[in-house]
Amino acid sequence: MTADDSFGRLDDDDYPAYTMGRAAEMLGTTQGFLRAVGEARLITPLRSEGGHRRYSRYQLRMAARARELVDQGTPIEAACRIVILEDQLEEAQRINAEYRRAAAESGKSTTAG
């Protein structure tokens, strides 16, 4: 991998760029919390060649949202399920918006002729 390839990944939300320690520091939480959200299957960190957990920005956003809910008194398992459902809803809404745009564009092209 060249330096250019590495820099290109800086914009990739799914690139596992953060160690567990750095991820916990960024979220203001503990490594134990990150392990717990992993056990609850909210996020599955990738592993380095040495077996260390590595987190992406997307995973950190998911963990941060779970932390907000836990800080408000939601049990961690429930918080993780809520975050998963929120993420699924957001994705479904994005897909629906794409379908609506495509249908609108298709309708324009058939009425234009």
Side-chain angles (χ1 to χ4, degrees):
M1 176 183 303
T2 66
D4 288 340
D5 293 338
S6 296
F7 288 129
R9 291 185 172 190
L10 292 176
D11 292 331
D12 184 354
D13 264 1
D14 295 318
Y15 182 68
Y18 303 98
T19 63
M20 177 180 268
R22 179 68 179 129
E25 179 183 313
M26 290 171 66
L27 295 176
T29 191
T30 64
Q31 293 181 14
F33 177 81
L34 289 173
R35 281 192 285 282
V37 296
E39 290 169 9
R41 295 190 205 110
L42 174 63
I43 56 177
T44 303
L46 282 121
R47 297 283 182 149
S48 68
E49 289 181 17
H52 300 283
R53 292 175 178 89
R54 305 285 296 195
Y55 297 88
S56 69
R57 289 187 308 195
Y58 171 77
Q59 290 172 325
L60 294 184
R61 283 195 303 275
M62 299 283 282
R65 175 67 180 127
R67 170 128 192 260
E68 288 174 11
L69 293 169
V70 168
D71 287 349
Q72 294 170 6
T74 306
I76 195 161
E77 290 282 337
C80 290
R81 185 67 183 139
I82 289 167
V83 173
I84 289 167
L85 291 171
E86 288 174 342
D87 191 55
Q88 289 172 343
L89 176 60
E90 184 178 314
E91 178 67 7
Q93 290 172 331
R94 185 192 60 76
I95 290 168
N96 284 340
E98 286 178 16
Y99 285 144
R100 281 191 210 102
R101 263 192 307 281
E105 289 174 10
S106 175
K108 288 178 187 176
S109 64
T110 58
T111 59

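Computed over heavy atoms, backbone and side chain alike; hydrogens, waters and symmetry mates excluded. All residue numbers refer to positions in the sequence shown, counting from 1. As the structure is a prediction and not an experimental result, all values here were calculated from the model.
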Self-check item: Close side-chain approach of Ser56 to Tyr15, heavy-atom, < 4.5 Å
Solution: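 Not touching, per the 4.5 Å side-chain cut-off.
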
Practice problem: Please report the C-alpha distance between Asp87 and Arg65 in whole Å, then the side-chain angles of each, then the deciding distance to 0.1 Å, and finally whether the salt bridge (Lys or Arg N to Asp or Glu O under 4.0 Å) criterion is met. | Solution: CA-CA 10 Å; Asp87 191 55; Arg65 175 67 180 127; over 6 Å; no

Between [atom1] of [X] and [atom2] of [Y], what distance do you get to the nearest 0.5 Å?
X     : Y     : atom1 : atom2 : result
Glu98 : Gln93 : CD    : CD    : 12.5 Å
Asp12 : Tyr58 : CG    : OH    : 13.0 Å
His52 : Leu46 : NE2   : CG    : 14.5 Å

Can you name the residues that form a side chain to side chain contact (heavy atoms under 4.5 Å, CB included) with [X], not counting sequence neighbours?
X     : answer
Arg22 : Tyr18, Thr19, Glu25, Met26
Ile82 : Leu69, Thr74, Glu86
Gln88 : Ile84, Leu85
Glu49 : none

In residues 30-39, what donor-acceptor pairs under 3.5 Å come from side-chain atoms, sequence neighbours left out?
{"residue": "Thr30", "atom": "OG1", "partner": "Gly32", "partner atom": "N", "Å": "3.4"}
{"residue": "Thr30", "atom": "OG1", "partner": "Phe33", "partner atom": "N", "Å": "3.0"}

Exercise. May I ask you to say whether Arg57 pairs ionically with Asp14, meaning some side-chain N is under 4.0 Å from a carboxylate O?
Key: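 Answer for the salt bridge query: no.
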
Self-check item: Distance-minimising heavy-atom pair for Ala66 and Ala79
Solution: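 Shortest heavy-atom separation between Ala66 and Ala79 comes out as O-CB, 3.9 Å.
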
Self-check item: Set of residues satisfying salt bridge (Lys or Arg N to Asp or Glu O under 4.0 Å) with respect to Arg41, sequence neighbours excluded
Solution: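 By the salt bridge (Lys or Arg N to Asp or Glu O under 4.0 Å) rule, Arg41 matches no residue at all.
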
